[in-house]
Amino acid sequence: MGTALIYDEEMTRYKLLWVDPACKIEVPERLVVSYGALVENGLADRCVSIPVREATDADILLVHSEEYLEAVKKTPYMTLEELKEFTLQYGDVYFHPNIYHCAKLALGATLQLVDNVMTGKVRNGLALVRPPGHHSMRSAASGFCIFNNVAIAAQYVKQKYGVKRVLIVDWDIHHGQGVQYSFEDDPSVLYFSWHRYEHQKFWPNLRESDFDVVGKEKGAGSTINVPWNKVKMQNSDYLSIFFHVLLPVAYEFSPDLVLVCAGFDSAIGDPEGEMCATPDIFAHLTHLLMNLAGGKLCAVLEGGYNLKSLAQSVCQTVHSLLGDPAPRPANLEGPCNSALESLQCVRSAHRKYWSCLKHAADLPTSDISTKRIKLAEDEEEEKLDEVEKEKLIAAMVWPQPVKRVTPPTRTAVVLPDGVACPDRCKHFSLSEDPDPLVVQKLRENFIKDADDKDAVTLSSLIALVDKMEKNEICSGLALVRDVSMAMRCVAQHATTALSNRVLVVCVGDGIVPHRGTDDGKTLVVHFSSKESEEQECKYLIPVCLKKGCSDASGFIQAVLGLLLPLGYEYDPSLVLLVQTPGSGICDSVWQQLTGLLQGLAQGHILVLMQEDERTCIDPTCSSLLGDAAPSLGQLHAAPPEDVEAVENLRQRLKADWKLLQTTE
Ligand SMILES: NCCCNCCCCCC(=O)CS
Ligand SMILES: [Zn+2]
């Protein structure tokens with residue numbers, strides 16, 4: 001299934017008609033450069049183009065009051081003076097004779113996207129719209145927003161499709177207070193937002209944007225606020241929040257649909273956000289959400305005011321929606337202290353609502369709520385800096401995101417004779433006889449007692465890895481007689497011949513390679529149900545789960561809170577995913593694992609399985625080909641000893657692996 005792109009240039013036909021410094025950044029060019037970049041990068045053509053529609057009154061009244069709608073309906077007939085007058089009753093927003101029309105199109109575009117995803121016409125998509133929506137409230141416009149596109153979309157799907165659970169991820173740099181107000185007592189809508197806060201000093205300066213505001217009554221726990229109390233947050237800060245707050249809770253919540261308030265003012269260069277996360281981070285944020293809800297993800301543009309980082313971030317998002325491998329998450333360090341403080345506060349505030357956070361630490365000693373300062377800010381003094389600051393931010397530079405080309409072959413498979421090649425995959429076998437030299441070396445190192453068939457198989461694997469290195473093949477699956485031998489051979493080849501870093505993920509109680517773990521060329525993470533005899537060290541990490549990989553909840557929480565941070569920080573050029581016999585892992589969990597790991601190594605993942613594991617071939621290939629993994633359903637609490645084991649591992653390893661930190 002494809003990716004929808006919903007855009008209409010009519011939404012560029014309104015703008016600020018008078019002087020207002022707070023609103024001057026919300027310009028029509030935002031859409032022009034975003035859509036232009038999608039066209040220029042050949043992304044628009046790869047999407048399913050869906051026409052916008054005008055939202056109806058009924059759509060709008062799902063969230064907004066009649067009096068508000070009636071008032072807005074009058075604006076197309078107002079004079080300039082009347083528009084200015086009308087605008088004064090709201091904050092940081094402006095009206096225009098054509099903005100009501102555009103607001104109906106922005107909402108209509110959003111609902112078109114949602115309809116096409118919910119009816120299975122497309123898998124996911126982006127609505128490229130303005131005016132944005134997440135600040136508008138039941139009876140008030142705010143923050144450039146007129147109608148709350150995403151909040152209405154959530155009500156709309158609940159009403160029209162009987163959707164039980166909706167996750168809203170608001171990665172815009174502002175708090176979408178309008179969304180929060182719509183669902184604060186509604187447990188069926190989980191609203192997650194991070195936002196520049198600076199202890200309530202930043203707009204919209206609300207007490208209810210802080211981490212300790214978690215929702216009311218039945219909705220307690222279904223509002224997650226992550227305040228950024230400093231600017232210049234980086235990719236590591238954003239990923240830490242995904243790994244240790246959003247993803248664990250999202251998987252426990254198990255939404256039927258994911259809506260994204262896709263604001264890109266959280267990207268570097270943006271005058272509002274003043275953050276330092278680079279556009280390629282949105283490739284990963286998108287990818288990490290794409291295995292929820294069976295892949296049903298609707299992204300709706302909110303903010304984003306640096307025309308360059310906005311256009312790049314929009315392209316990164318659409319690349320991922322289309323299933324293109326993400327760029328490698330280069331040189332991540334750990335979260336900064338301020339981010340760690342917020343991370344610990346949020347996890348502590350939600351401990352009692354989410355079993356995945358049950359073991360989260362207490363509030364930090366330096367309880368940041370006491371730092372909330374009075375709002376008496378010296379406007380004059382700030383304005384002076386304002387001009388200087390804007391110049392500095394507009395001068396920010398960052399590396400051009402790498403080109404994301406999907407290799408000619410997406411997935412190659414090495415199978416025993418007689419096993420059919422799954423469709424859409426390419427059967428891989430050696431074009432000519434194996435190179436005698438290579439075979440000789442293999443014999444010496446790996447296959448003393450094995451027969452020639454092994455030599456051919458191992459030579460095929462080596463050739464396959466070489467083609468992945470050259471980006472001719474993206475991913476691979478091999479069914480082999482002896483997974484341990486194959487694993488050691490591939491790891492050895494990739495680290496020596498290709499001088500790469502290899503992440504080896506072992507699932508099951510097989511044998512793991514000890515080689516390469518001391519010099520950091522290989523990082524081995526081994527999930528099993530048995531206490532390991534292996535000596536744990538920085539690059540050899542045994543994860544012992546009571547029920548092994550058979551308990552979906554315990555396993556997926558270990559993947560999200562331990563394996564992904566390790567993998568992203570290690571940043572391998574190849575991922576080796578090995579399933580040894582008796583792992584007990586079920587297909588859907590295996591597919592989640594395979595899907596999530598494709599965010600690493602530009603999607604270069606080689607899956608090794610025992611040759612008699614025939615049932616796993618199709619689900620594994622489906623995941624390697626970029627299909628979304630099936631939803632795991634609502635997860636019960638993980639076995640306490642597993643949560644504890646992962647928590648203890650994190651505490652032991654966080655000195656070496658900074659992305660594992662969850663407390664200051
Ligand atoms: N009153 C001091 C300056 C206030 N600036 C507020 C700008 C609103 C931003 C809204 C936005 O970006 C939506 S995503
Ligand atoms: Zn914003």
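This structure is a prediction, so every number in the text was calculated from the model and none was measured. Ligands are counted one by one from 1 in listed order, and the atoms in each one are counted from 1 as well. Numbers here simply count residues along the sequence, with the first being 1.
- Relative orientation of the Tyr90 and Phe95 rings is tilted, given thresholds of 30° and 60° on the angle between their planes.
- Taking the six-membered ring where the residue is Trp, the centroids of Trp194 and Trp171 are separated by 6.0 Å or more.
- For ligand 1, the polar-atom distance check against Trp203 finds no nitrogen or oxygen pair separated by under 3.5 Å.
- The Zn ion (ligand 2) has an N, O or S atom of Asp172 inside 2.8 Å of it.
- Residue Glu302 has no N or O atom closer than 3.5 Å to an N or O atom of ligand 1.
- A side-chain donor from one of Asp265 and His174 sits under 3.5 Å from a side-chain acceptor of the other.
- Classified by interplanar angle (parallel below 30°, tilted 30° to 60°, perpendicular above 60°), the ring pair Phe242/Phe192 is perpendicular.
- Using a 4.0 Å cut-off between heavy atoms, Ile25 makes no contact with ligand 1 at all.
- A donor atom on one side chain and an acceptor atom on the other are not found under 3.5 Å apart for His135 and Ser142.
- With respect to Asp324, the side chain to side chain donor-acceptor pair (under 3.5 Å) criterion is satisfied by exactly one of Arg404, His287, Arg46: Arg46.
- Contact annotation: for Glu26 versus ligand 1, there are no heavy atoms closer than 4.0 Å.
- Under a 4.0 Å criterion applied to the non-hydrogen atoms of Gly303, ligand 1 contributes the atoms 14 (S).
- Of the heavy atoms in Asp265, only side-chain atoms (C-beta onward) come closer than 4.0 Å to ligand 1.
- Among the atoms of His174, an N, O or S atom is found under 2.8 Å from the Zn ion (ligand 2).
- Within ligand 1, the atoms closer than 4.0 Å to a non-hydrogen atom of Tyr305 are 11 (C), 12 (O), 13 (C), 14 (S), numbered from 1 in the order shown.
- Checking Asp265 against the Zn ion (ligand 2), an N/O/S atom falls under the 2.8 Å cut-off.
- Proximity of a side-chain donor or acceptor of Asp20 to a complementary backbone N or O of Ala22 within less than 3.5 Å is detected.
- A salt bridge between Lys158 and Asp186 is present, with a side-chain N of the basic residue lying under 4.0 Å from a carboxylate O of the acidic one.
- In the vicinity of Asp172, heavy-atom distances shorter than 4.0 Å reach the ligand 1 atoms 14 (S).
- Which parts of ligand 1 touch His134 is read off a 4.0 Å heavy-atom cut-off, strictly below it: atoms 14 (S).
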